[in-house]
Each structure stands twice: as C-alpha cells, then as structure tokens.
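The structure under discussion appears below in the form of structure tokens.
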Amino acid sequence: MTGITAAQKLQEVSALLAVPNSRIIAGGTTFSQNTEEDLHPVSISGLEGLDSIKQKGSRIEIGPLVKLSTLAENDLIRACAPALAEAAGNVGTPEVRSRGTLGGNLAGDRVGDTAAALLACGAKFTIKTDSDYREILIDRFWNPAGKNDLQYDEWITRITIQIPGDPYTGAAFGKYGVWGQTSEPNAAAAVRLCLDGNGRVSAIRGGLRLGPSFIRRMFPLEKALKNRAPTEENVDKAVCSMLSAVQGQIGEEAFSAFLKDIVQRSLIMAQERRAL
Ligand SMILES: Cc1cc2nc3c(=O)[nH]c(=O)nc-3n(C[C@H](O)[C@H](O)[C@H](O)COP(=O)(O)OP(=O)(O)OC[C@H]3O[C@@H](n4cnc5c(N)ncnc54)[C@H](O)[C@@H]3O)c2cc1C
C-alpha cells in the first residue's frame, strides 16, 4: 500500500479515484499495510458533512462516514429503523464499530451485515459520479454474484431510508455464524413488516446475506406472509419457503430457527406498537 491521499473536497474524489489502483479508504478497518502493494488509498474521512444522520420530512438521510457505533446508538435510527441499529451494533468488535463506517460496510468486497437491514428498509443510495449524482434502490446495488454497481470513479455519498408511515411497524435483525469466516457458513437477515388494524401483515420486506457475496430480498418469505394473518402456521410456511435459498450451506433446522426468531421478533414489536 502506498501513501494515503486525503481528499480535500467532495468534488475531487472521482478524479482521485481515476488514478490507477486508487481506492477509497473510510474507517480503514479492512485495509492493512500488507494490502496489495501498489494500492493507492484515497481517504474521504476528512470530508465535511458526510457523518450526519438527519431527518428530512419522512426520510432519514445517513452520511456514509457515520460510524457503526453511532448508528447503533442513534435514537432516530433505533426508533425508525431498529433492524439497522441492531445490525450495526453486531458488526465485529467495539473497535471495528467505532472506526468502521456505514459506507465501508456496504461497499467492501465482502457484503456487510447492514446490507440485510437496509434491504429490509428499502434504502436508496446516492452515488457521486465523475460529473453528477445518481440514485439507486438498494435492491439493484448488487448483482447476483454480489458485485456492487459502483464504477471505478464512483462512491456512495448518502444512504436514505423512508420512515414507515404505518404506526404498527416492527423490525428485527439476526446473525448466523461469524462474518468473514470461509470455513463455516454465516448469514445475516432482517425483516421489516407492518400490521393492519386486523393484525394482518400489510407490508413486509426481508433481506438476506449469505456468506461474502449473496445478498437478496427474501421474496418467497414476503409473498408467504403478505396480506395474511401471522399465525404460527403461516410463519412456519414463510420460513420454509426460504430453505431452498440456503440449501447445502446452512442446515434446515438451524436456519429455520434463526429466521423464525427474526420474523417473530418483528411481529412482537409491531404487535406491541399496535397495542399502545
Ligand atoms: C475483526 C473484524 C471483524 C469484522 N466483523 C464484521 C462483521 O461482523 N460484520 C460486517 O459486516 N463486517 C465486519 N467487518 C468488516 C468491516 O470492518 C466493516 O464492514 C466496516 O464497516 C468497514 O468500514 P470502514 O469504514 O472501515 O471501511 P474501509 O475499510 O475504509 O473500506 C471498505 C471498502 O469500502 C470502500 N468504501 C468505503 N467507503 C466508501 C464509500 N463511501 N463509497 C464507496 N466505497 C467506499 C473502500 O474502498 C473499501 O473497498 C469486520 C472487520 C474486522 C477487521
């Protein structure tokens, strides 16, 4: 790794990234001195205005430099996107969370845990291109092989989530195994759902990360629960519908218990809010 170039202005980052072998460095938790010898890191950590969490009407805008520890403890995130707070609070060690940023968790070579929670929230990313900005729904940010949509001179400048309009919303996140392990299976999943006045599931989104590169919406689970009463039988069917996605990687029983716990915790949260 050669010397770090510190970007002074947001506008100059794309040009710096156009230099061969350049790569953004944010919290730097995934870089070591031994990382690829000719790698040329471009630090964005000194750029102003990229480390805030702000409510703008019905949206929450999160800067890519927000630390995972901040995200985990932020009152707005805990109230409106509890699965994201849970995901951030479960990344690595306290040291990794106090240095690691949300942008770095999303844009690394290995898909990070917050991706599952943000998929469940239906987040949007704002991406700085060489001359402009573009927005992308998180559903389209990774291709089926887990490669993200960023071009060599593009980077994430904002993560936006919608505050749920429905008061009876619940969300939960869970982790299976140890992130980064190659010898053992590992996964992260999150669910966000809303209940209508009759206690039926009126809206649901789920995100699943499996290993370093599989990151998808949990469409079968969503379809199995949407517009249905969340009875034990329906929850079991919904969880079962996801087994083919993890076939051969995580045992059926273990994965079912893992996912059922997440669905049940989101239901309990929504039911408690409904009872208030
Ligand atoms: C011991 C250890 C345990 C870990 N455990 C976990 C875990 O449990 N779960 C988990 O998800 N992760 C884990 N990680 C991975 C990592 O530390 C986190 O994902 C962290 O959030 C990365 O953030 P960073 O700011 O340090 O990113 P950096 O290391 O600075 O960058 C990571 C990557 O993202 C790119 N990048 C950074 N910011 C941007 C941006 N705004 N736009 C575009 N590209 C960008 C960089 O170019 C680089 O490719 C662990 C790491 C370590 C060292």
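Counting starts at 1 for both ligands and their atoms, following the listed order.
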Nearest heavy atoms of [X] and [Y], plus distance in Å:
X	Y	answer
Cys194	Asp166	SG-CB, 3.7 Å
Pro230	Gln271	CG-NE2, 4.4 Å
Pro41	Ile25	CB-CG2, 3.8 Å

Query raised in the report: Of the choices Arg23, Arg158, Gln181, Arg99, which has the non-hydrogen atom that lies closest to atom 49 (O) of ligand 1?
Result: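 Of the listed residues, Arg23 has the closest heavy atom.
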
Report task. Run down the list Trp179, Phe31, Phe125, Trp155 and name the one with the heavy atom closest to atom 10 (C) of ligand 1. Result ->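 When every heavy atom of Trp179, Phe31, Phe125, Trp155 is considered, Trp179 comes closest to atom 10 (C) of ligand 1.
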
Requested in this report: Indicate yes or no: at least one non-hydrogen side-chain atom of Gln151 is less than 4.5 angstrom from one of Thr129.
Outcome: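 They are not in side-chain contact.
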
Query raised in the report: Does some side-chain heavy atom of Cys240 sit less than 4.5 Å from a side-chain heavy atom of Glu252?
Result: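 No. Closest side-chain heavy atoms not under 4.5 Å.
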
Distance filter under 4.0 Å to [X] heavy atoms, resulting ligand 1 atoms:
X	value
Gly27	24 (P), 25 (O), 26 (O), 30 (O)
Leu150	43 (C)
Gly112	11 (O)
Leu68	21 (O)
Pro64	41 (N)

Query raised in the report: Does the pair Lys67/Glu73 count as a salt bridge with the N-to-O cut at 4.0 Å?
Result: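 No, Lys67 and Glu73 are not salt-bridged.
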
Does an N or O from [X], backbone or side chain, lie closer than 3.5 Å to an N or O of ligand 1?
X	result
Glu154	no
Gly100	no
Lys175	yes
Ile44	no
Ile25	no
Ile156	yes
Ala26	yes
Ile24	yes

Requested in this report: Give the other cluster members for Leu16, using side-chain heavy-atom distances under 4.5 Å between Ile, Leu, Val, Met, Phe, Trp and Tyr residues; answer none if it is isolated.
Outcome: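 Listed partners: Leu10, Val13, Leu17, Ile24, Val42, Ile44, Leu47, Leu50, Leu65, Tyr133, Trp155.
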
Do me a favour and list the nearest non-hydrogen protein atom to [atom] with residue, atom name and distance?
atom	result
atom 2 (C) of ligand 1	Val96 CG2, 3.6 Å
atom 32 (C) of ligand 1	Thr30 OG1, 3.3 Å
atom 27 (O) of ligand 1	Gly104 CA, 3.4 Å
atom 3 (C) of ligand 1	Gly92 CA, 3.9 Å
atom 44 (N) of ligand 1	Ala107 CB, 3.2 Å
atom 26 (O) of ligand 1	Thr29 OG1, 2.5 Å
atom 23 (O) of ligand 1	Thr101 N, 3.2 Å
atom 33 (C) of ligand 1	Gly108 CA, 3.6 Å

Query raised in the report: Can Ile204 and Leu221 be said to form a side-chain contact (heavy atoms from CB on, under 4.5 Å), step by step?
Result: CA-CA 9 Å; Ile204 177 165; Leu221 177 115; 4.1 Å; yes

**Report entry** CZ-OG1 distance between Arg59 and Thr160, expressed to the nearest 0.5 angstrom
**Finding:**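 One finds 6.5 Å between CZ of Arg59 and OG1 of Thr160.
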
Report task. Working to the nearest 0.5 Å, report the span between CG of Asn143 and CD1 of Ile215. Result ->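 The distance works out to 12.5 Å.
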
Contact check, [X] vs ligand 1, heavy-atom distance below 4.0 Å:
X	answer
Arg97	no
Thr93	no
Gly180	no

**Report entry** Among Leu102, Asp113, Asn105, the one residue meeting side chain to side chain contact (heavy atoms under 4.5 Å, CB included) with Leu118
**Finding:**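 When side chain to side chain contact (heavy atoms under 4.5 Å, CB included) is applied between Leu118 and each of Leu102, Asp113, Asn105, only Leu102 qualifies.
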
Report task. Check the side chains of Asn186 and Arg209 for a donor-acceptor pair under 3.5 angstrom, ignoring hydrogens and angles. Result ->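 Result is yes, a qualifying pair exists.
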
Requested in this report: Tell me, with the steps shown, if Lys175 and Glu86 meet salt bridge (charged side-chain N to carboxylate O under 4.0 Å, His left out).
Outcome: CA-CA 10 Å; Lys175 222 166 147 165; Glu86 219 182 325; over 6 Å; no

Requested in this report: Answer yes if Leu119 and Ile62 sit in the same cluster of Ile, Leu, Val, Met, Phe, Trp and Tyr residues linked by side chain heavy atoms under 4.5 Å apart, and no otherwise.
Outcome: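 Per the 4.5 Å side-chain linkage, Leu119 and Ile62 are co-clustered.
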
Query - Co-membership, hydrophobic cluster, residues Met269 and Ile60, 4.5 Å side-chain - result: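 Result: no, two separate clusters.
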
**Report entry** Side chain, backbone, both or neither: Leu102 near ligand 1, heavy atoms under 4.0 Å
**Finding:**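 Looking at Leu102 and ligand 1, no heavy atom falls under 4.0 Å.
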
**Report entry** Arg217/Asp139 under salt bridge (charged side-chain N to carboxylate O under 4.0 Å, His left out): CA gap, chis, key distance, verdict
**Finding:** CA-CA 7 Å; Arg217 284 269 298 276; Asp139 301 32; 2.7 Å; yes

